[in-house]
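Heavy-atom basis, side chains included; hydrogens, waters and symmetry copies ignored. Throughout, a chain's letter reflects where its sequence line sits, starting with A, and its residues are numbered from 1.
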There are 2 protein chains.
Amino acid sequence: MSITSDLLRGHTDTIILKQLLKSDSYGYEINKSIQERTRGRYELKEATLYSAFRRLEETGLISSYWGDETTGARRRYYTITGSGKKMYAKNLDDWNEAKEIIDELIKEEGK
Amino acid sequence: MSITSDLLRGHTDTIILKQLLKSDSYGYEINKSIQERTRGRYELKEATLYSAFRRLEETGLISSYWGDETTGARRRYYTITGSGKKMYAKNLDDWNEAKEIIDELIKEEGK
DNA sequence: CACAAGTACCTTGACAGACATAGTATAACG
DNA sequence: CGTTATACTATGTCTGTCAAGGTACTTGTG
């Protein structure tokens, strides 16, 4: 991984919600997908991922169910809820604003 | 403040270093400057600011000296060091990369 | 067949950065 | 003369990330 975790901090939830917006998924798959999408520049640590799931489910932004795999390890699938979708939209807005603010504050040419 | 602190997390040091790049400054002034630059959308909490100073000084990225105010409260001024400048440049690069990665991961239209 | 590697999930405890709260001290203003 | 603004400090809490360790099943390899 090339960037530090503090820069990604606070985005984990949004990243997960985004993945679930496309379709239900499970931990391992989500993480693989993230690695692919970023061409290996970023991966969620397992502990981070699963603690995010717990947090998101506790606050009602996602819900989960066990898959009915007849073979292989069991998978816990997650679904984004209505309030999860709202939260995603809000987080995206917040991100766009934060991006602007941070740029203003740290860009060299400054204003 | 409109954006959450987790989104700003990890940028505090860079924001401070950026301010000191222009000229030596002190805590209160830096914070005021941030509020102005962001038109009130962001301010560092005092505890955050001063603990960042301590951290930056301990790691040699800034150094400090007491101002010789003949009036008003005493001010502790901070100067950015050589390694502070390098760190600033590195953090800026990291930010540009992180920005790209996060956008890829959370933007609606996806990839 | 034994064993490594890959898939898939979970728990515990530690750490660091942001922050709330509270305190000290001086100057300016009405 | 009390409030507001300036200016800094110290202590303790909270939360997200992560390291480390564990369980369990499947597939490939020699």
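- Listed pair Tyr26(B) / dC8(D) fails the phosphate criterion, with no side-chain N or O lying under 4.0 Å from OP1 or OP2.
- Going from atom CH2 of Trp66(A) over to atom C1' of dC25(D) covers 13 Å, rounded to whole Å.
- Note: CZ (Arg9(A)) to C1' (dA18(C)) measures 9 Å, nearest angstrom.
- Mapped onto DNA chain D by nearest heavy atom, Ala47(B) and Lys32(B) fall at different nucleotides, with Lys32(B) at the one closer to the 5' end.
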Between Ile106(A) and Asn91(B), does a side-chain contact (heavy atoms from CB on, under 4.5 Å) hold up when you go through it step by step? CA-CA 9 Å; Ile106(A) 75 172; Asn91(B) 287 355; over 6 Å; no
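- Residue Glu57(B) contributes atom CD, which lies 14 Å from atom C1' of dC8(D) at whole-angstrom precision.
- DNA chain C is contacted by both Phe53(A) and Arg74(B); Phe53(A) maps to the nucleotide lying nearer its 5′ end (nearest heavy atom per residue).
- For Thr48(B), a side-chain nitrogen or oxygen approaches OP1 or OP2 of dC19(C) to under 4.0 Å.
- For Ser33(B) and Gln19(B), the side-chain atoms include at least one donor-acceptor pair closer than 3.5 Å.
- Ion pairing between Glu100(A) and Arg41(B) holds under the 4.0 Å rule for side-chain N and carboxylate O.
- Remark: side-chain polar atoms of Asp6(A) are not paired, donor with acceptor, to backbone N or O of Arg9(B) under 3.5 angstrom.
- The pair Glu104(A)-Arg39(B) meets the salt-bridge criterion, since a charged nitrogen lies less than 4.0 angstrom from a carboxylate oxygen.
- The end-to-end axis angle of the helix from dC1(C)-dG30(D) to dG30(C)-dC1(D), rounded to 10 degrees and based on five pairs per end, is 10°.
- For the pair Tyr77(B) and Ser51(A), nearest-nucleotide mapping onto DNA chain D gives the more 5' position to Tyr77(B).
- Regarding Leu56(B), its CG atom lies at a distance of 10 Å from the P atom of dA18(C), rounded to whole Å.
- When side chains are defined from C-beta on, Asp103(B) counts as touching Trp95(A), because their heavy atoms get closer than 4.5 Å.
- A donor N or O paired with an acceptor N or O is found under 3.5 Å between the base of dC9(C) and the side-chain atoms of Glu46(A).
- Rounded to whole Å, the distance from OH on Tyr78(A) to P on dA8(C) is 14 Å.
- Taking atom CZ of Arg55(A) as the reference point, atom P of dT11(C) lies 15 Å away to the nearest angstrom.
- An OP1 or OP2 oxygen of dC9(C) is reached within less than 4.0 angstrom by a side-chain nitrogen or oxygen of Tyr50(A).
- Here the P atom of nucleotide dT6(D) and the CG atom of Asn31(B) are 11 Å apart, to the nearest Å.
- OP1 or OP2 of dT9(D) has not a single side-chain nitrogen or oxygen of Arg54(B) nearer than 4.0 Å.
- Checking Tyr65(B) against Asp24(B) by side-chain atom types alone, a donor-acceptor pair falls below 3.5 Å.
- Look at OH on Tyr28(B): it is 5 Å from C1' on dT6(D), rounded to the nearest Å.
- Between Thr12(B) and dA18(C), a side-chain N or O to OP1/OP2 separation shorter than 4.0 Å is present.
- For dA7(D), one of the phosphate oxygens OP1 or OP2 lies less than 4.0 angstrom from a side-chain nitrogen or oxygen of Arg75(B).
- Judged by distance alone, with hydrogens and angles left aside, the side-chain atoms of Thr81(B) form a donor-acceptor pair with the main-chain N or O of Leu61(B) at under 3.5 Å.
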